[in-house]
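What you see below is based on every heavy atom in this structure, not just the backbone, and it leaves out hydrogens, waters and symmetry mates.
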Amino acid sequence: MKKISELLDAAAEGALPVVRGIDDSRLSDPTPCAQYDVRALVSHLTQVVVNFTALAARQEVEFGETPDAVTGDWRKRFGEQTAALVDAWARPGAEDGTAGSLGFPARTVGHMALSDLTVHVWDLARATGQEFVPDADVVSELATAMVAMAPKAREAKVFGEPFPVPEGASPFARVLALTGRDPDWQRPRG
């Protein structure tokens, strides 16, 4: 079993080119995550990265208001923040016990960060016309972890109802479908 920090490192490696590849002209475009346009989703993902870094260190976090992260050199800052996330989860004991007031096992909390860093990056890639192929080990880990997380995530309105996928769908398409996403979502033309 791979450590969460190793999986987060692989996910971050895939995320950085997508975030760096977002053109400012696309910030108001819709995403597969219907409640967010590109700008809002970048801000949400940034908040997730910062909060899950704190949770690895057993600090309390606030998931309420999402500050606008698309200011200054936000692409560079996102790289620094994902590096801090990986470092926080690599510290001895980060995967032990529970993390923060969520009361979930630390590894489950790490899976939440991994899920957002993978699925929301796919959202951003789709919304901005970029390619994104997640790391196979990350997808394998999420395929198991998200089946366990899905019922509570749906109850909390974080995931939608599972999207139907055909027999033979790829493992990542199945992960996306678990969250309620259409793996074939395309950005609107125009």
Side-chain angles (χ1 to χ4, degrees), residues 1-4 6-19 21-22 26 28-49 51-52 55 63 66 78 82 85 89 102 104-190:
M1 175 176 8
K2 281 197 167 194
K3 293 171 65 175
I4 290 292
E6 294 169 328
L7 294 164
L8 286 168
D9 190 40
E13 190 174 308
L16 293 177
V18 171
V19 170
I22 296 171
R26 308 241 58 137
S28 62
D29 286 0
T31 72
C33 195
Q35 67 266 39
Y36 297 112
D37 64 10
V38 171
R39 177 186 212 98
L41 188 54
V42 167
S43 294
H44 169 72
L45 183 57
T46 299
Q47 182 183 36
V48 163
V49 167
N51 283 352
F52 280 89
L55 286 170
F63 281 99
T66 303
F78 184 80
T82 56
L85 175 71
W89 282 94
L102 297 175
F104 292 127
R107 189 162 175 92
T108 299
V109 173
H111 284 142
M112 292 173 176
L114 186 63
S115 168
D116 276 17
L117 192 55
T118 305
V119 173
H120 285 321
V121 169
W122 176 85
D123 291 332
L124 291 169
R126 280 296 167 113
T128 59
Q130 298 183 68
E131 289 298 314
F132 172 66
V133 178
D135 179 86
D137 288 339
V138 168
V139 172
S140 178
E141 185 81 13
L142 287 176
T144 302
M146 289 180 72
V147 167
M149 288 190 298
K152 285 196 184 287
R154 277 191 200 92
E155 196 176 287
K157 307 281 189 241
V158 175
F159 287 3
E161 288 302 312
F163 191 87
V165 290
E167 283 291 319
S170 74
F172 188 52
R174 292 186 183 290
V175 165
L176 293 169
L178 273 173
T179 71
R181 284 168 175 77
D182 174 358
D184 293 323
W185 187 93
Q186 298 291 320
R187 65 189 175 112
R189 299 210 185 275

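Listed by chain and number, the residues in a salt bridge (charged side-chain N to carboxylate O under 4.0 Å, His left out) with D184 amount to none (sequence neighbours excluded). Applying the side chain to side chain donor-acceptor pair (under 3.5 Å) criterion to H111, with sequence neighbours excluded, gives E141. For T46, the side chain to side chain donor-acceptor pair (under 3.5 Å) test picks out no residue, with sequence neighbours left out. Q130 meets the side chain to side chain donor-acceptor pair (under 3.5 Å) test with T128; sequence neighbours excluded. Applying the salt bridge (charged side-chain N to carboxylate O under 4.0 Å, His left out) rule to D29 yields the partners R26; only residues at least two apart in sequence or on another chain are considered. Among residues two or more places apart in sequence or in another chain, the side-chain contact (heavy atoms from CB on, under 4.5 Å) test is passed with A148 by none. Every residue two or more places apart in sequence or in another chain was checked for a ring-ring contact (aromatic ring centres under 6.0 Å, His included) with F132, and none qualifies. Judged as a side chain to side chain donor-acceptor pair (under 3.5 Å), and not counting sequence neighbours, the contacts of T66 are Q47. With sequence neighbours excluded, the residues satisfying side-chain contact (heavy atoms from CB on, under 4.5 Å) with V158 are A153, A156.
Here salt bridge (Lys or Arg N to Asp or Glu O under 4.0 Å) pairs that include residues 111-132, with residues two or more places apart or in two chains, are D123-R181. Annotation: salt bridge (Lys or Arg N to Asp or Glu O under 4.0 Å) contacts involving residues 146-169, sequence neighbours excluded, are absent. Residue pairs satisfying the salt bridge (Lys or Arg N to Asp or Glu O under 4.0 Å) criterion with at least one member in residues 32-41, sequence neighbours excluded, are listed as follows: R39-D68.
In this structure the side chain of S115 reaches within 4.5 angstrom of the side chain of M146, judged on heavy atoms. Annotation: side chain of W89 is not in contact with side chain of E6 (no heavy-atom distance under 4.5 Å). The shortest side-chain heavy-atom distance between F163 and P183 falls under the 4.5 Å cut-off. The closest side-chain heavy-atom distance from D9 to T82 is not below 4.5 Å. By the 4.5 Å heavy-atom criterion applied to side chains, V48 and H44 are counted as neighbours. Side-chain contact check for F52 versus L117: every heavy-atom pair is 4.5 Å or farther apart.
Classified by interplanar angle (parallel below 30°, tilted 30° to 60°, perpendicular above 60°), the ring pair W122/F172 is perpendicular.
The nearest pair of heavy atoms linking P134 to V139 is CG-CG2, 3.5 Å. Considering all non-hydrogen atoms of both residues, V165 and A177 come closest at CG1-CB, 3.5 Å.
To the nearest 0.5 Å, atom CE of residue M112 and atom CZ of residue R107 are 13.5 Å apart.
Using modelled atom types, one side-chain atom of T179 and one backbone atom of L176 make a donor-acceptor pair closer than 3.5 Å.
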